[in-house]
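Structure first, then comments.
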Amino acid sequence: MSKKRNMVFPIIITAIIIMIIIYLVATAKQPYVECSRKTTDDLGITVKEELRTELDNNKIGQMTLTKTITLPDKYLDSDRYLESIKFALTKSYAYLDSNDIKISTGDNYVLVKITAKKSATLILNNIEFYEDAGLQMRINPNTKSSDVITLSINDKYTEGELMTHMKNNGYICK
């Protein structure tokens, strides 16, 4: 009887350790990289991009992009510019699932939030503004252009490689 009693304690400890390991594995979060970039052009327009990239086995698993375009006061005399930017962004992101995109406007900004899943591709740093009989916007859709950053779901990156790639293109990562 004393042998059985001596065996109960190690069995209980082993069971507790196994449950702790299962819990830690089940609740472990995927590594992620958060990067941002904020630029203000000669016209006073600020474009801020914030990207959260989740990595799964050294591949991009999901991306969340928040892009905010803020206009200076001289372009706010009517809602025309904000609505035009919203329309252009809606058309440029039409290739993504509409449930993954939310575009809204505020008093002086347009906000785009994209959650890229499945086989989606995002192009970063691809908006340029210029003045030509009013405010004009150019969106570069070329995924092969050296002026933009293109990231796709399942692209192979380690955390360090992705951070280096983004930092080399003017982003701040953590």
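Remember, predicted model here, so these are calculated numbers, not experimental data. Sequential numbering from 1 along the given sequence is applied to the chain's residues.
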Residues in side chain to side chain contact (heavy atoms under 4.5 Å, CB included) contact with [X], at least two apart in sequence or another chain:
{"X": "Thr164", "answer": "Asn168"}
{"X": "Asn142", "answer": "Asn140, Lys144, Ser145"}
{"X": "Asp132", "answer": "Tyr130, Gln136"}

>> Can you confirm whether Leu76 is buried at CG, in the sense that more than 12 heavy atoms of other residues, nucleotides or ligands lie under 6.0 Å from that atom?
In response: yes
Among all residues two or more places apart in sequence or in another chain, which pass the side-chain hydrogen bond (donor to acceptor under 3.5 Å, both in side chains) test with [X]?
{"X": "Thr90", "result": "none"}
{"X": "Ser152", "result": "Thr121"}
{"X": "Tyr75", "result": "Glu131"}

> Got a sec, which pairs hit salt bridge (Lys or Arg N to Asp or Glu O under 4.0 Å) with one end in residues 155-174, sequence neighbours left out?
Replying inline: Glu34-Lys174
> Quick one: salt bridge (Lys or Arg N to Asp or Glu O under 4.0 Å) pairs with a partner in residues 36-51, sequence neighbours left out?
Replying inline: Lys48-Glu50, Glu49-Lys67
> Please walk me through it: do Ile101 and Leu89 pass side-chain contact (heavy atoms from CB on, under 4.5 Å)?
Replying inline: CA-CA 10 Å; Ile101 304 165; Leu89 291 171; over 6 Å; no
Taking atom [atom1] of [X] and atom [atom2] of [Y], what is their separation to the nearest 0.5 Å?
{"X": "Ser92", "Y": "Asn126", "atom1": "OG", "atom2": "CG", "result": "7.0 Å"}
{"X": "Leu122", "Y": "Met63", "atom1": "CG", "atom2": "CE", "result": "4.0 Å"}
{"X": "Asp56", "Y": "Tyr32", "atom1": "CG", "atom2": "OH", "result": "15.5 Å"}
{"X": "Ser36", "Y": "Arg52", "atom1": "OG", "atom2": "CZ", "result": "13.5 Å"}
{"X": "Asn58", "Y": "Leu162", "atom1": "CG", "atom2": "CG", "result": "10.5 Å"}
{"X": "Ile139", "Y": "Ile123", "atom1": "CD1", "atom2": "CD1", "result": "10.0 Å"}

Would a single hydrophobic cluster contain both [Y] and [X], if residues Ile, Leu, Val, Met, Phe, Trp and Tyr are joined by side-chain heavy-atom contacts under 4.5 Å?
{"X": "Ile103", "Y": "Leu82", "result": "yes"}
{"X": "Met163", "Y": "Tyr171", "result": "yes"}
{"X": "Leu124", "Y": "Met137", "result": "yes"}
{"X": "Val148", "Y": "Tyr95", "result": "no"}

> Of the non-hydrogen atoms in Gly44 and Pro72, which two are nearest, and what is the gap between them?
Replying inline: O-CD, 3.6 Å
> Can you name the nearest heavy-atom pair linking Tyr81 to Gly134, along with the distance?
Replying inline: OH-CA, 3.7 Å
> So which of Thr70, Thr40, Thr68, Thr39 actually passes side-chain hydrogen bond (donor to acceptor under 3.5 Å, both in side chains) with Thr46?
Replying inline: Thr40
>> side-chain contact (heavy atoms from CB on, under 4.5 Å) for Leu151 and Leu51? Distances and angles first, verdict last.
In response: CA-CA 11 Å; Leu151 295 174; Leu51 178 70; 3.6 Å; yes
>> So, using salt bridge (Lys or Arg N to Asp or Glu O under 4.0 Å) as the criterion, who are the partners of Glu83 when residues are at least two apart?
In response: none
>> Contact between Asp100 and Tyr93 at the side-chain level, heavy atoms closer than 4.5 Å - yes or no?
In response: no
> Do Leu71 and Ile85 touch side chain to side chain, with heavy atoms closer than 4.5 Å?
Replying inline: yes
Side chains of residues 107-119: which donor-acceptor pairs under 3.5 Å do they make with residues two or more places apart or in other chains?
none

> Under a single-linkage rule joining Ile, Leu, Val, Met, Phe, Trp and Tyr whose side-chain heavy atoms are separated by less than 4.5 Å, which residues share a cluster with Phe87?
Replying inline: none
>> Under the rule for ring pair (Phe, Tyr, Trp, His ring centres under 6.0 Å), what residues qualify as partners of Tyr157, not counting sequence neighbours?
In response: His165
